[in-house]
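We're numbering straight along the sequence, starting at 1.
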Amino acid sequence: MSGEPVRAPIPSIARFGMDTISMAGALPAKLAAVRDAGFTQIMLSARDLVDHAGGAAAAVQAVRASGLRVTGLQVLRDFEGLSGHLHEYKVDVAKSMLELCRAVGADVLLVCSSTSTHASADPDVLARDLRKLAMLALPLRINVAYEGLSWGRTVNEFTTAWNIVSRADAPNLGVGIDSFHVLATRTLLDDLDVLDPAKIYLVQLSDFMWHEIRTVEERVTTARHFRVFPGEGVHSSEIADLVARLDGIGYRGDYSFEVFNDDYQQMPVARVADHGRRSALWLSEVVLRGSASFPRTMPRRRVGE
């Protein structure tokens, strides 16, 4: 156990979960911290399973024993647009990740848009490869969420990701939306209206501490080291608007806090999970339920909290 008070599951945050990437330590400690904070779901990395001291089978058993629902598994990178031996290599990697999904009970595999200079920019080729991946996942009843990285070579916004997904036209292929990438590229939230909410398979949420990102290099560095939880950065109103608009178009799926932050990696997992709990309560009460008792922007933590 984490040593912190154990909270019963909080019904109002049932659609919100933590990503293991947001916390340091071994998988069992992360599972306990997330559950003890009142969450009922967790987003896993494939490394959580294969790096487990007891092996992948023991990791799967630990996840099942935790009682947490698995939001999804991440992340397959640089899959689409390759050819020849590079394509075959990535297909083999994809099959391995799909097997992990099935083993741990994850019904979503997250795929990030390619950054590879070896990948084709032809949208028909990208759509063909993603359709092939979706067909591999279909018998396993796994959905593929395609996310546009803000530094992707060809696809770098949810709008272009949606174009490829629509072109591929596979029943279990949809999009994943990451608030960081939406903010970094300044994608218009009005563009959410073109999406089919049933084809949004995952929404990942995080904030950051500066108002703008001026270069691609700064974008990558911020994404990998300096994210914070929603409400803790300077984009609270934009994230609230994003969640409200997703709700408005009919999205009823999961939200996961994916917060890459070097400082959080030096904090006890229970404390980091509590950051996530506060963000989830703020978003669920303010944005999704419109409670007047919660402020539009999340209150800052006091020293010692």
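Of the residues listed (Phe260, Trp210, Phe180), the one engaging Phe226 in a ring-ring contact (aromatic ring centres under 6.0 Å, His included) is Trp210, and it is the only one. Checked against Tyr255 for a ring-ring contact (aromatic ring centres under 6.0 Å, His included), the options Phe16, Phe39, Phe229 give a single hit: Phe16. Checking each of Ser150, Ser206, Ser113 against His181 for a side-chain hydrogen bond (donor to acceptor under 3.5 Å, both in side chains) leaves exactly one that passes, namely Ser150.
Within the 4.5 Å cutoff, no side-chain heavy atoms of Tyr264 are placed close to those of Arg227. Residues Ile13 and Leu281 have side chains in contact (heavy-atom distance under 4.5 Å, counting atoms from C-beta outward). Residues Leu44 and Leu100 fail the side-chain proximity criterion, which asks for heavy atoms closer than 4.5 Å. Taking 4.5 Å as the limit, every side-chain heavy atom of Leu68 sits out of range of all side-chain heavy atoms of Val63. Contact annotation: the side chain of Phe208 approaches that of Ile213 to within less than 4.5 Å [non-hydrogen atoms, C-beta and beyond]. Looking only at side-chain heavy atoms (C-beta outward), Asp207 and Glu232 stay at 4.5 Å or farther from each other. In this structure the side chain of Arg15 never reaches within 4.5 angstrom of the side chain of Ser284, judged on heavy atoms. When side chains are defined from C-beta on, Leu86 does not count as touching Asp78, because their heavy atoms never get closer than 4.5 Å.
By the rule that hydrophobic residues join a cluster once side-chain heavy atoms approach within less than 4.5 Å of another member, Val175 and Leu173 end up as members of one cluster. Residues Ile21 and Val70 fall into different hydrophobic clusters, defined by Ile, Leu, Val, Met, Phe, Trp and Tyr side chains chained together at heavy-atom separations under 4.5 Å. Under the 4.5 Å side-chain contact rule for hydrophobic residues, Val91 and Ile142 share a cluster. Hydrophobic clustering of Ile, Leu, Val, Met, Phe, Trp and Tyr side chains at less than 4.5 Å, counting indirect connections, keeps Ile177 apart from Tyr201. Under the 4.5 Å side-chain heavy-atom criterion for grouping Ile, Leu, Val, Met, Phe, Trp and Tyr, Val75 is not connected to Leu98 through any hydrophobic cluster.
Checked by atom type and distance alone, the side chain of Ser279 pairs as donor or acceptor with a backbone atom of Pro230 at under 3.5 Å. In this structure a side-chain-to-backbone donor-acceptor pair under 3.5 Å is missing from Glu80 to Ala127.
Interatomic distance, CG of Leu133 versus OH of Tyr146, reported as 11.0 Å (0.5 Å rounding). Between atom CD1 of residue Ile164 and atom CG of residue Asp169 there is a gap of 13.0 Å, rounded to the nearest 0.5 Å. Between atom CG of residue Leu27 and atom CG of residue Asp51 there is a gap of 10.5 Å, rounded to the nearest 0.5 Å. Going from atom CZ of Arg64 over to atom CG of Leu31 covers 12.5 Å, rounded to the nearest 0.5 Å. Taken from CG in Leu202 to CD in Glu147, the straight-line distance is 7.5 Å, to the nearest 0.5 Å. Atom CZ in Phe158 sits 11.0 Å away from atom CG in Asn163 (nearest 0.5 Å).
Summarising the local packing, CZ of Arg77 is surrounded by 12 or fewer heavy atoms from other residues, nucleotides or ligands at distances under 6.0 Å. Annotation for Arg245: atom CZ counts as buried by contact number, over 12 foreign heavy atoms lying within 6.0 Å. A 6.0 Å sphere centred on CZ of Arg252 holds more than 12 heavy atoms belonging to other residues, nucleotides or ligands. With a 6.0 Å radius and a threshold of 12 heavy atoms from other residues, nucleotides or ligands, His118 has its NE2 atom at or below the threshold.
Taking each heavy atom of Trp282 and Ser236 in turn, the nearest pair found is CH2-O, 3.6 Å. Ser120 approaches Thr154 most closely through the heavy-atom pair O-OG1, 4.2 Å. Scanning all heavy atoms of the two residues, the minimum distance from Ala37 to Arg277 falls at O-CD, 3.0 Å. The minimum heavy-atom distance linking Arg102 with Leu140 is given by the pair NH1-CD2, 3.3 Å. Annotation for Ile249 and Leu192: closest pair CD1-O, 3.6 Å, computed over non-hydrogen atoms. Across Leu73 and Ala46, no two heavy atoms sit closer than the pair CD1-N, 3.7 Å.
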Could you go through the side-chain contact (heavy atoms from CB on, under 4.5 Å) check for Met43 and Leu110 one step at a time?
CA-CA 10 Å; Met43 182 80 182; Leu110 181 64; 4.2 Å; yes
Is there a side-chain contact (heavy atoms from CB on, under 4.5 Å) between Asn172 and Met135 once you walk through the steps?
CA-CA 8 Å; Asn172 60 327; Met135 291 302 100; 4.0 Å; yes
Steps toward side-chain contact (heavy atoms from CB on, under 4.5 Å) verdict (Asp254, Arg69)
CA-CA 11 Å; Asp254 294 324; Arg69 178 169 64 85; 3.0 Å; yes
Could you walk me through whether Asp274 and Arg278 pass the salt bridge (Lys or Arg N to Asp or Glu O under 4.0 Å) test, one step at a time?
CA-CA 6 Å; Asp274 190 58; Arg278 293 177 73 251; 5.3 Å; no
Step-by-step side-chain contact (heavy atoms from CB on, under 4.5 Å) determination, Leu183 to Ile239:
CA-CA 9 Å; Leu183 293 168; Ile239 292 174; 4.2 Å; yes
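A side-chain donor from one of Asp48 and Thr20 sits under 3.5 Å from a side-chain acceptor of the other. Side-chain contact check for Ser114 and Ser116: no donor-acceptor pair (N or O, by modelled atom type) lies under 3.5 Å. Between the side chains of Asn261 and Ser22, no donor-acceptor pair of N or O atoms lies under 3.5 Å.
Using a 4.0 Å cut-off between a side-chain N of Lys or Arg and a carboxylate O of Asp or Glu, Arg167 and Asp124 qualify as a salt bridge. Lys90 and Asp129 are not joined by a salt bridge, as no carboxylate oxygen comes within less than 4.0 angstrom of a charged side-chain nitrogen.
Between Phe257 and His275, the distance from one ring center to the other does not fall under 6.0 angstrom.
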